[in-house]
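Every chain is numbered from 1 and lettered A, B, ... according to where its sequence line falls, protein lines coming before strand lines.
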Amino acid sequence: MFQNSYLSGSSPHAFELYIHLDWKLPSSSPSLVKRYVAMGFPKEMVVTSIKEIGHSDQNALLELLLTYKVYCEGVETECIAVLLVCNFDELENLFVLDITLFSSNSKFANQLCPLVYFVVQDIVYSRSDMRRVRKEVEAKLDNDFVQEMFEKDEKINSLVDMGFSEDEANMAIIRCGVDGDLSVLVHSISASRVAGNLNLSNHQNIAICVHLWQVMGGCFDSFGGRKKARLVEERKKKRKRCGCTGQSNQPSLDCNHDEDMLIPNPMVGFNLPNYSLPLVRVTRRILEQDMGPPYFYYENVARAPTGVWATISRSLYDIQPEFVDSKHLCATARKRGYIHNLPIENRAPLLPLPPMTIFEAFPRYKKWWPSWDQRTQFNCLLTGVAGPKLTGKIGRALASANTPPSQSIQKYVIDHCKRYNLVWVGKNKVAKLEPQEIEYLLGFPKDHTRGLGDTNRYKSLGNSFHVDTVAYHLSVLKGMFPNGVNVLSLFTGIGGGEVALHRLGINMRTVVSVEIDKASKRIFRDWWNQTQTGTLIEIDDVKSLTDDQVATYVTTFGGFDLVIGGSPCNNLAGCNRSSRHGLEGKQSVLFHHYVRILNAVKSAMARK
DNA sequence: GGGAATCGGATACTCGCG
DNA sequence: CGCGAGTATCCGATTCCC
């Protein structure tokens with residue numbers, strides 16, 4: 001019943017539920033299995049249950065089977081994520097459920113539910129979110145409960161005085177911790193109000209989820225003692241671990257004070273080609289006034305400091321980001337987040353599909369690749385590369401080592417190969433990738449950046465889009481704009497977005513390109529002149545592009561169909577050791593100009 | 001709790017040019 | 001010899017996942 005409701009698509013806001021049944025068939029207790037199968041339980045479920053708790057306690061086994069049966073009723077074979085709903089009052093029960101069904105030791109977790117999401121008071125949590133919340137709650141139970149309740153009451157009173165409801169205040173404290181500043185709590189409530197408008201407004205679906213939870217809760221209550229004991233055991237282990245780190249008194253350190261973004265694992269966005277099944281299909285809620293045109297497309301690194309993507313999303317109309325690792329589309333990893341208002345149905349990848357492995361991309365490296373280097377794909381292509389000193393050092397280390405080298409030598413070599421994406425070009429000889437090879441991996445035409453010094457080539461390529469990923473998202477524009485598009489391209493760089501549009505066969509009538517780096521500008525201009533017939537207007541700096549100027553362009557070109565750009569990641573990127581200062585950092589702060597200019601386009605087009 | 005990944009930056013250096 | 005452009009080398013922390 002709930003299955004149909006979830007898949008009905010009646011709510012534009014609800015997560016859809018998929019559970020993938022992939023039961024294994026180990027051989028155990030054939031006669032016992034037969035008996036339960038005769039009672040109407042699927043054979044695979046019986047086998048799994050026996051493996052889970054054994055067959056000595058027949059009552060417990062029967063109860064577990066009943067639980068699984070209730071859980072799996074109506075579930076079809078295409079589903080691989082599950083959504084659970086409960087109230088915070090029921091958290092204790094939810095933890096029991098989590099540990100029982102979804103712990104890493106549970107066969108059930110591995111075989112049935114790789115993706116689990118929890119909906120508590122209309123807020124969607126991933127499993128890792130729930131771990132944090134659980135830590136928080138458990139800490140509350142374990143520590144000075146009375147003191148915390150006192151602090152909590154005081155905070156609630158303050159928030160109620162400010163005009164928030166008691167429920168809202170309670171929720172904010174659970175999300176942010178009782179240690180959270182009042183301003184943090186206020187912000188959380190505001191954000192929650194927005195999220196409340198966005199998510200799960202379909203009461204039917206919520207009711208169905210609650211029903212599921214109640215059914216399951218009933219089952220567990222009937223033999224809660226055993227589960228409860230396991231929960232206590234888990235807690236003890238946890239306490240022990242916390243004790244080792246000396247952080248047991250500061251659970252709030254683990255608490256995320258920003259609204260978390262759901263990053264899918266695997267990082268495949270809303271959908272990808274070659275994935276026969278969508279993973280967590282999220283029907284994004286986009287307000288009427290934020291739908292295109294103009295369509296917009298924003299990109300930045302996925303692993304930004306905590307809270308950055310929540311801020312970006314807030315600035316971009318609370319649209320949920322789409323996180324994609326390009327390793328699912330090509331031979332190199334590139335974990336990026338994208339926020340856009342493009343349709344997500346009927347996407348199509350660029351053809352031919354790019355090679356997925358190192359050897360498919362570069363067969364010649366197979367010759368010297370040692371068996372103990374088990375890489376099949378490259379890591380993220382960064383802006384810097386290894387120099388001859390490092391590769392020489394690796395070569396000398398290998399030359400003086402045994403065959404095969406010792407474990408420690410292997411680890412030293414592999415670690416550096418992974419860090420700098422080195423390839424094997426001779427006996428005991430590793431080398432950096434050539435700029436041309438990186439162009440190929442990222443989907444650019446051959447020699448796209450040729451003419452620059454190698455350092456600049458590596459830098460501009462490292463800062464660029466992965467063309468195939470972006471093209472996959474932009475592919476929906478092809479049918480919508482048969483006569484071509486007008487593009488406002490911010491932070492153009494070497495033109496990854498434009499190359500994607502070109503490879504999709506989408507004609508660019510006009511591109512207004514904003515890019516400050518002269519070398520990148522030259523690369524993009526040269527490419528444009530060689531491949532395009534439309535109008536290119538170049539602007540140096542996003543800061544100098546005024547709202548009035550934007551309005552003039554809108555009037556001149558009849559509006560922009562696409563506003564595309566990835567703002568600087570310098571202060572967000574993980575490998576920045578000296579100035580990873582977040583979204584307000586020196587370069588990354590330019591993100592706000594993306595928002596400003598996009599809003600200028602929207603308002604100018606609304607006036608038209 | 002530990003392994004692994006990460007659109008980088010500051011600085012000293014080399015090299016070609018006048 | 002001074003200058004500037006290009007180059008090489010060194011520099012951990014945050015975050016996620018298992």
Side-chain angles (χ1 to χ4, degrees), chain A residues 102-105 109-110 114-115 126-129 131-132 237-238 240-247 253-254 256 258 260-267 299-309 323-327 332-338 375 377-393 411 414-421 432 438 441-442 452-467 469-470 491 493-494 496 517-520 565-582 585-588 590-591:
Chain A
F102 309 123
S103 71
S104 57
N105 294 328
N110 294 333
L115 291 173
S126 68
R127 285 196 68 208
S128 57
D129 296 334
R131 287 196 200 100
R132 290 194 195 100
K237 283 182 197 166
K238 193 176 292 277
K240 202 172 175 183
R241 283 198 298 270
C242 286
C244 292
T245 61
Q247 293 183 347
L253 282 177
D254 293 327
N256 183 359
D258 293 285
D260 271 352
M261 287 291 141
L262 283 176
I263 297 187
N265 180 18
M267 200 186 285
E299 179 261 12
N300 216 318
V301 291
R303 306 291 190 203
T306 306
V308 164
W309 274 105
F323 294 99
V324 183
D325 187 340
S326 68
K327 75 176 182 182
T332 185
R334 208 168 184 77
K335 296 174 182 59
R336 298 291 180 268
Y338 305 89
R375 287 177 296 157
Q377 290 187 306
F378 293 114
N379 281 332
C380 186
L381 302 164
L382 305 178
T383 54
V385 288
K389 189 173 177 179
L390 177 65
T391 50
K393 199 173 163 187
K411 181 168 171 25
I414 295 292
D415 282 353
H416 285 86
C417 285
K418 287 181 174 176
R419 172 67 176 80
Y420 292 104
N421 288 313
K432 62 188 177 184
I438 296 182
L441 288 168
L442 291 179
L452 302 180
D454 277 359
T455 305
N456 264 338
R457 291 182 78 179
Y458 287 120
K459 188 179 172 191
S460 56
L461 285 163
N463 282 320
S464 172
F465 288 163
H466 175 236
V467 172
T469 303
V470 173
F491 314 103
I494 56 174
D517 181 66
K518 288 189 166 49
S520 296
S567 64
C569 68
N570 310 41
N571 310 115
L572 311 180
C575 51
N576 184 345
R577 304 180 183 191
S578 55
S579 58
R580 197 186 186 192
H581 297 150
K586 191 179 172 187
Q587 290 88 14
S588 295
L590 294 175
F591 158 75

Separation of C/dC17 atom P from A/D325 atom CG, nearest Å, is 12 Å

| request: Report yes if the side chains of A/T332 and A/Q377 come closer than 4.5 Å at any heavy-atom pair, otherwise no. | output: no

Exactly one candidate in A/I414, A/L382, A/N379 meets side chain to side chain contact (heavy atoms under 4.5 Å, CB included) with A/R419; the answer is A/L382

Sorted by position of nearest nucleotide on DNA chain C, 5' first, the leading residue of A/A304 and A/T455 is A/T455

In whole angstroms, the gap separating C1' of B/dG8 from CG of A/N300 amounts to 13 Å

inquiry  = Looking at A/K335, I'd like to know whether one of its side-chain N or O atoms comes within less than 4.0 Å of OP1 or OP2 on B/dT6.
reply    = yes

Heavy-atom contacts, protein to nucleotides 9-14 of chain C, under 4.0 Å, summarised as B (base), S (sugar-phosphate only) or - (none) per nt, yield SSBBBB

Output row for DNA chain B, stems defined as at least 3 consecutive Watson-Crick or G-U pairs under 3.5 Å, is B:1-6 with C:13-18, B:8-18 with C:1-11

| request: For A/C569, report the nucleic acid contact type (base, sugar-phosphate, nothing); a contact means any heavy atom under 4.0 Å. | output: base

What one should report as the nearest heavy-atom pair of A/R334 and A/F465 is NE-C, 4.3 Å

Rounded to whole Å, CH2 of A/W309 lies from P of C/dT15 at a distance of 15 Å

Next on the checklist: What verdict does the side-chain contact (heavy atoms from CB on, under 4.5 Å) test give for A/N300 and A/F591, after you've listed the backbone C-alpha separation in whole Å, the side-chain angles of each residue and the deciding distance to 0.1 Å?
Outcome noted: CA-CA 10 Å; A/N300 216 318; A/F591 158 75; 5.9 Å; no

message: Under 4.0 Å from OP1 or OP2 of B/dG9: is there any side-chain N or O of A/N570 that close?
response: yes

note: A/H466, atom NE2; B/dC7, atom C1'; distance rounded to Å ~ 13 Å

- Task: Indicate yes or no: at least one non-hydrogen side-chain atom of A/D517 is less than 4.5 angstrom from one of A/K459.
- Result: no

To the nearest 0.5 Å, atom CD1 of A/I263 lies from atom NZ of A/K335 at 10.5 Å

| message | Can you tell me if A/S464 touches the phosphate of B/dC7, counting only side-chain N or O atoms and a distance under 4.0 Å to OP1 or OP2? | response | no

Atom CG of A/L442 and atom C1' of B/dC7 are separated, to the nearest Å, by 10 Å

The reported gap from CD1 in A/I494 to CG in A/L461 (rounded to nearest 0.5 angstrom) is 4.5 Å

Taken to the nearest whole Å, NZ/A/K459 to P/B/dG9 is 7 Å

Applying side-chain hydrogen bond (donor to acceptor under 3.5 Å, both in side chains) to A/N570 and not counting sequence neighbours gives none

Counting only side-chain nitrogens and oxygens, does A/N379 get under 4.0 Å of the OP1 or OP2 atom of B/dA4?
no

_Distance test, side-chain N/O of A/K411 to OP1/OP2 of B/dA4, below 4.0 Å_ = yes

dist A/Q587:CD -> A/N571:CG (nearest 0.5 Å) comes out at 5.0 Å

- Would you classify A/S460 as touching base, sugar-phosphate or nothing, given that sugar-phosphate means primed atoms plus P, OP1 and OP2, and contacts are heavy atoms under 4.0 Å? nothing

task = State whether A/N463 places a side-chain N or O below 4.0 Å from either non-bridging phosphate oxygen (OP1 or OP2) of B/dG8.
result = yes

note: A/L441, atom CG; B/dC7, atom P; distance rounded to Å ~ 16 Å

